[in-house]
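Single-structure report; data block below.
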Amino acid sequence: MSEKPSNFLTEVIDADLAAGKVKEIHTRFPPEPNGYLHIGSVKAIWINWSIANAYGGKFNLRYDDTNPAREDVEYVNSIREDLEWLGAVPNGGVYYGSDYFDKCYEYAEQLILEGKAYVCELSREELQAYRGDDAGKPGKDSPWRERDAQESLALFRRMRAGEFADGEKTLRAKIDMASPNMNLRDPAIYRIKHVAHHRQGDKWCIYPLYDYAHPIQDALEGITHSMCSLEFENHRPLYEWVVQNLGFGEFPKQREFARLNITNTVMSKRYLRELVELNVVEGWDDPRMPTLCGLRRRGYTPESLFRFVELAGVAKSVSLLDARMLDFCIRTQLDPVVPRRVAVLEPLKLVIDNYPAGKTEAFALPNNPKDENAGTRAVSFSGEIWIEQSDFAQVPPPKFKRLSPGSEVRLMGAYLITCTCVETDESGNVTCVHANADLETANGMPADGRKTRGTIHWVSCAHAVDAAVNLYDQLFTQADMNDIPEGADYKDYLNPDSVRTLPGCKLEAALADAKPGERFQFVRTGYFTPDAKNPARWNRIVTLKDSYKMPDAT
RNA sequence: UGCGGAAUUGUGUAAUGGUAGCACCUGCGACUCUGACUCGUAUUGUGAGGGUUCAAAUCCUUCUUCCGCAACCA
């Protein structure tokens, strides 16, 4: 990967290392298995994983599965697959937060005995009222706050034994009801939930809450630096309270960074799930989805995603990254390594009138003009070929270098041709272009050394493979979810052109047996890969840039 | 409202008191058998006011705006 990252997180680590407080850096990625990983998760993965790597430390994957009501094995499996695909190897191991339920429970009893936690019998509403709705004013002590430790312990054990209904009692940490930080006003650390756990089954009917369980999980795994997103910043004092009161000392240490946002992309798991459930998209792996499986199916590489979040940087301010930066990352990664192939997306027939009828020949086209070792392949040529509609203009606009009546262009790897005339239908649309070839210019080199302005690509009609191609665009028309007016339905801002299928695309024969996962540059158009679920159909990964701008028709 | 956090060019991110830099995007140009790639080049920035200092993006102060939290979610 790249050189050692440097940001405000690594500063903290460097300082801890320099002070001799820690020897080996240990990080973790703790997703809750309640949805599919998306490109926003890649930031969290990359930060934790790359830092562990850079310092020669360890990186854990830990499923944060403390709320059985929202979690499912489907997500557990998808997360594992996605992480494997990314290549972020958890060299510290794979863990489940729920495997620490016994330890969490023991620690809870310990806290009770030390008078640092108590069983509270306030209802959810009462508890909120006691905590204080009027911000700024201290909260009110629960009537059970000073309950005898043994009494709390007995109650807590009965909670575990299933003697109470959901919500009837909670275990609360005894911290500070007057704290300006609401998280410290005796937060609940255990709740009763008679729900089976996807991994623990019916073993438990009480489950620890995130703020209590997470620091314990981190501590037990020897995590030194627990890096999470900004919304947990207010929770850090509580995290530290747990770590210290359980006797772990200064580590693990939590630090926070800003989430990743991308233009015209929705990142919230809630909305993504809704898009799937409402069949707005094909599924979690729809190539328009920002999920890792969607991006993978579309043809993105793990390297490009890591590069993207690396380029975006780590900071604490809200950011909205331009999706075109991701385009840049995938293009620069694919360009030097991906084989070139010829494909005509929007075909227009071109007949070379002076080419011997029925003749066929083959030209050797380079697989990658930048890389001689990539070799060449034979591409069949004949007198009737497909060219791109956009490569012909009956009336050439300014600076147009492609084909137009009377002009000469190079057919890539083949002859120079000059357009002689066109056929049109009754409404004036061009249906066929006629041209004469300079038959002395096979392989593109004119004998007299004259310059040709343009080079266009082509596919022989007799040898073309038909295919359908999916062109993807941004799912949403609004750059940011915040641009959607208050109260409006975000689904009204779905981009109707987020996917366009072009049937009847003409591919060169060498693409006939391409496999999903293989990526090609369709010369002059973009990068493509066969769709994983429908290999007869090609997905566009990203468009090639075209610096020629058609002038406005004003 | 209370608490916490953040404001640097169109976007993102550097610069710990000393030349505001880098990348993306955009424009222009060069090169080219991909109008790709590559190369060159240009434009635009320290939220506002006050203060300290020889010197402020940086320190102090007032203000403004934005974000997060205020769950028996994570």
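Below, chain A is the first sequence line, B the second, and so on; all start at residue 1.
One can place CG of A:Asp322 at 12 Å from P of B:C24, the figure rounded to the nearest angstrom. The CD atom of A:Glu256 sits 10 Å away from the C1' atom of B:G4 (whole-angstrom rounding). Regarding A:Asn181, its CG atom lies at a distance of 17 Å from the P atom of B:G68, rounded to whole Å. The CG-P distance, from A:Asn234 to B:C67, rounds to 16 Å in whole Å. For the pair A:Leu230 CG and B:G68 P, the computed distance is 10 Å after rounding to whole Å. In this structure, the CE atom of A:Met182 is 18 Å from the P atom of B:G68, given to the nearest Å. Across the protein-nucleic acid pair, A:Phe308 atom CZ and B:U11 atom C1' stand 11 Å apart, rounded to whole Å. Computed from coordinates, the A:Asp211 CG to B:C69 P distance equals 13 Å when rounded to whole Å.
At a cut-off of 3.5 angstrom, the base of B:A70 holds no donor-acceptor pair with the side chain of A:His235. Judged by distance alone, with hydrogens and angles left aside, A:Arg324 brings no side-chain donor or acceptor close enough to the base of B:C25 to form a pair under 3.5 Å.
Remark: the separation of the C1' atoms in B:U8 and B:A15 is 10 Å, to the nearest Å. Between B:G18 and B:A56, the two C1' atoms lie 10 Å apart (nearest whole Å). Atom P of B:C25 sits at a distance of 10 Å from the matching atom of B:U38, rounded to the whole Å.
Toward the 5′ end of RNA chain B lies the nearest nucleotide of A:Glu11, the other residue of the pair A:Tyr548 and A:Glu11 mapping further downstream. Summary of the strand contacts: A:Ser317 and A:Asp65 both lie near RNA chain B, and taking for each the nucleotide with the nearest heavy atom, the more 5' one is attributed to A:Ser317.
Remark: A:Arg341 is not in phosphate contact with B:U34, judged by side-chain N or O atoms under 4.0 Å from OP1 or OP2.
Among the nucleotides B:G5, B:A74, B:U32, the one closest to the side chain of A:Lys316 is B:G5. Side-chain atoms of A:Leu544 lie closest to B:U34 of the nucleotides B:C37, B:G12, B:U34. For A:Glu231, the side-chain atoms get nearest to B:G68 when compared with the rest of B:G68, B:A71, B:C25. Comparing B:C72, B:A6, B:C25 against the side chain of A:Gln128 picks out B:C72 as the nearest. With B:G29, B:A74, B:U26 as the choices, the nucleotide that has an atom nearest any side-chain atom of A:Asn67 turns out to be B:A74. Residue A:Ser319 places its side chain closer to B:U13 than to any other of B:C25, B:U34, B:U13. Nearest to the side-chain atoms of A:Glu32 among the listed nucleotides B:A23, B:A74, B:G29 stands B:A74. When distances run from any side-chain atom of A:Lys549 to the nucleotides B:G27, B:A14, B:A7, the shortest one goes to B:G27. Side chain of A:Pro180, nearest nucleotide from B:A36, B:C72, B:C3: B:C3. The listed nucleotides are B:A74, B:A36, B:C72; the one nearest the side chain of A:Tyr210 is B:A74.
Base engagement by A:Lys370 is indicated by at least one non-hydrogen atom pair under 4.0 Å involving a base atom. A:Leu334 comes within 4.0 angstrom of no nucleic acid atom, judged by non-hydrogen atoms across all strands. Base contact: A:Arg70 has a heavy atom under 4.0 Å from a base atom. A:Phe400 comes within contact range of at least one nucleobase, with a heavy-atom separation under 4.0 Å. Base engagement by A:Pro369 is indicated by at least one non-hydrogen atom pair under 4.0 Å involving a base atom. Residue contacts shown for A:Met412 include a base, since a base heavy atom lies under 4.0 Å away.
Salt bridge annotation for A:Glu32-A:Lys269: absent, with no cationic side-chain nitrogen under 4.0 angstrom from a carboxylate oxygen.
Contact annotation: the side chain of A:Val242 never approaches that of A:Tyr107 to less than 4.5 Å [non-hydrogen atoms, C-beta and beyond]. The shortest distance between side-chain heavy atoms of A:Thr263 and A:Leu320 falls below 4.5 Å.
Proximity of the aromatic rings of A:Tyr527 and A:Phe520 is defined here by a centroid distance below 6.0 angstrom, and this criterion is not met.
Expressed to the nearest 0.5 Å, how far OG of A:Ser380 lies from CD of A:Glu361 amounts to 9.5 Å.
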- Message: Working note: A:Arg402 + A:Glu388, criterion salt bridge (charged side-chain N to carboxylate O under 4.0 Å, His left out); need CA distance, chi angles, decisive distance, verdict.
- Response: CA-CA 10 Å; A:Arg402 281 103 103 150; A:Glu388 208 73 61; over 6 Å; no

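At a cut-off of 3.5 Å, with distance as the only test, no side-chain donor of A:Gln200 or A:Tyr96 sits close to an acceptor on the other residue.
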